[in-house]
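Since the structure comes first, as structure tokens, the remarks are kept for the end.
The chains referred to below are lettered A, B, ... by the order of the sequence lines, with proteins before strands, and numbering in each begins at 1. All values below come from the heavy atoms of this structure, side chains included, with hydrogens, waters and symmetry mates left out.
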Amino acid sequence: MTDDVVDVLIIGAGASGASVAWSLADTRMRIVCMEQGDWTNPSEYPTTAANWESQAYGPYNINPNVRGRDTDYPINNDESAVAVVNFNGVGGSTILYGAHFPRLHPSDFKVKSLDGVAEDWPIDYATLEPYFAQNDRVMGVSGLSGDPMYPPKQPPLPPLPMGLVGETLARGFNKLGWHWWPSDSAIISQPYEGRDKCLNLGPCLSACAQGGKSSTDITYWPEAIRRGVELRTRCRVREITVNEQGFADGVVYYNADGEECYQRAEVVVMACNGVGTPRILLNSTSARFPDGLANRSGMVGKNLMFHPVGFVQGVFEERLDSHKGPQACCILSKEFYESDTTRGFVRGYNMQITRGSGPLNTAMAGYTQGTIPWGPGHHEAFRKRFDHVAAIGIIGEDLPEEHNTVTLDTELTDSDGVPSPKITYRYSDNSLKMIEHGLARGEEAMQAAGAVEITKAGPLRDTGWHLLGTARMGNDPETSVVNHWGRSHDVKNLFIVDGSIFVTGGGVNPASTIQACALYIADTMKKNLANLFD
Amino acid sequence: MSDIIGSDHPFNQPQQKTLAAVLDTLVPASEDGQMPSATEVDFDQYLRTQGEIALPLIEAVLEQLDNTFAEQSLEERCAQLQAYSEADPLNFQQVLTHVYDAYYQDDRVRVAIGMIKGPVFPQGNEVMAGDLSLLDPVINNSEQHQYRKV
């Protein structure tokens, strides 16, 4: 294999890896993507069985440490206020994500200029706008144009049904005079590109057997493969190697049998997101890069951002059919998204209306909260809550701080012996104040909507979906890892296209922006093929 | 001729009797008769599929309960299970999860709480579109709800 050289080697087949592979396929270069996980089979997804809820406690758990597949890598969260959740396989975390698909706002790219905090991105919303739109078309995004909280945009599909949950909260927001809008969702509301529409199964976070949810295994990948991209599963990259000139020249990886292999490459593209990417870079040490590849700035693994998350649940007297419909996608409110220093914190948060759970989760949540007892009284309490709830997720902006890090654990490894990531993370005072404010406003919204019982919690621990900032982009090689189009400052044929390049995180789910960035970087690579390494 | 009748049930007769009483205590039938008790769903079938995980957990509960548990009043059984839940909260919670998991998979129970029978796929659910005219106040007030210009 050592004589076999591919033109482009992409590491990771999730949201960003799929997007960049699809776009670069235009070039007819020889492109190989290595993914440590497998293809997943929708006919085996939880909703095809009666025990779909309990499967989410085990083989389809969002936490890799609980899920424990040999295609996962364990993560040391002991020193982190947030536990990382993800999925490893073709499609990456889009297999289990909620598919709530808002874009970052124009202001999110300029927080230093506007609010004097963190750093501005070296690119802006206008730069990414065509790639947001392209990504919406390929993924299949449902939504409603006209939201005044965004520049004009046109989702390709009409919005998902609001249902009684959405209507109830919308009336509450209207009473308060607050903004709300149907969510942009990577779930198809109508048949689209050979896929049948969403069936309102409910538990999108347990993968979508219908294929109505736009995970990249059923959107980007089939087309990328048809156009010649080679996708190799069960290939776990341990490190990227460099030649004497300081260029990346290949990767060491383990195949499905655990055998160490080597693949040469002219260009390497990292697409493992904000924990997986710094893990591999930090594990790729050499005489030239003793602190990890592309890490002369010392910024690899630093500035880890999640989004602090709070949760407000309301119980309503009337039945809301809460278990029906995409759980995480309904309506949202941007009333508190932009900075207002009178609130006592900078930046802001998104209010994401979510639907209810199935009966097992309802009963167990009721038990742990003390609202649904076992024994006599169970049925009465259960009836009052099951299908009678709506919730508001408070998703706040998390500003970058160098002490929040991904490093290599000195003891924990994956099944191939590759060091596991260790997360060190604590909330800032700003984040805590933001969540406190959001929980209070969420309670207000629930009261306005008519909830008869309200519970609040947050910031929550098992919410580390959004893994951002650990190899950030910037114009200054001293303070950033990649330039404004994702190319490493230190290694001219190494690109990073995932959430680790985010300079700041905004206050929304980042998948849409991650993919727009990947498409933008791929397009810029294509425009600069003749002098890609200059 | 032997009078021993073979059984593939993982628990002996006294244990089965106690387990049935535990199930009935955790999820009794509803007074209006709409909801069955947990003994009326096929918990044995559940154990056949989930037994590897569930059996040791349940066994641990049964070992802690009085031999006369099944003969006790509901109040006494509740008191015993409450005491156990405080002595070993993790195991109790895991057992409760299995009991609820089995219970809420039962088609009679699902229909009674307004769900479809069996797996949710491929049948799916109907969800009302919702009234988009509710957006009128937001649209009419869009000057106050503008994105921040850069």
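- Contacts between A/S113 and chain B at a heavy-atom distance below 4.5 Å are absent for every atom of the residue.
- For chain B, the nearby part of A/H379 is the side chain; its heavy atoms alone come within less than 4.5 Å.
- Only the side chain of B/P137 comes within contact range of chain A, with at least one heavy atom under 4.5 Å from a heavy atom of that chain.
- Using modelled atom types, one side-chain atom of B/R77 and one backbone atom of B/Q72 make a donor-acceptor pair closer than 3.5 Å.
- Using a 4.5 Å cut-off between heavy atoms, A/L164 touches chain B through backbone and side chain atoms alike.
- In this structure B/D106 satisfies the salt bridge (charged side-chain N to carboxylate O under 4.0 Å, His left out) test together with B/R108, sequence neighbours excluded.
- Side-chain atoms of A/E53 and A/N361 include a donor-acceptor pair closer than 3.5 Å.
- Using a 4.5 Å cut-off between heavy atoms, A/W178 touches chain B through its backbone atoms (N, CA, C, O) alone.
- For A/E167, the parts lying near chain B are the backbone and the side chain together; criterion is any non-hydrogen pair under 4.5 Å.
- Heavy atoms of A/K324 lying under 4.5 Å from chain B belong to its backbone as well as its side chain.
- For A/E380, no part lies under 4.5 angstrom from a heavy atom of chain B.
- Separating the CH2 atom in A/W121 from the OG1 atom in A/T127 is a distance of 11.0 Å, to the nearest 0.5 Å.
- Taking the six-membered ring where tryptophan is involved, the planes of A/F386 and A/H323 are essentially parallel, since the angle between them stays under 30° and well short of 60°.
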Residue pair A/Y367, A/F382: steps toward the ring-ring contact (aromatic ring centres under 6.0 Å, His included) verdict: CA-CA 10 Å; A/Y367 171 69; A/F382 181 89; over 10 Å; no
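- Contacts of B/Q82 with chain A are made by both backbone and side-chain atoms, with heavy-atom separations under 4.5 Å.
- Shown here is B/N67, whose CG atom has no more than 12 heavy atoms of other residues, nucleotides or ligands within 6.0 Å.
- With a 4.5 Å cut-off on non-hydrogen atoms, A/P151 touches chain B through its backbone and its side chain both.
- You'll find the ring centres of A/Y150 and B/Y147 outside the 6.0 Å limit.
- Of the listed residues A/G377, A/G375, A/P106, the one with more heavy-atom pairs under 4.5 angstrom with chain B than any other is A/G375.
- Contact of B/I116 with chain A is not made at all, since no heavy-atom distance falls under 4.5 Å.
- Contacts between A/A209 and chain B at a heavy-atom distance below 4.5 Å involve backbone atoms as well as side-chain atoms.
- Using a 4.5 Å cut-off between heavy atoms, B/Q144 does not touch chain A at all.
- At a 4.5 Å heavy-atom cutoff, the contact between A/N174 and chain B is made by side-chain atoms alone.
- Residue A/H105 forms a ring-ring contact (aromatic ring centres under 6.0 Å, His included) with just one option from A/Y125, A/F132, A/Y337, and that option is A/Y337.
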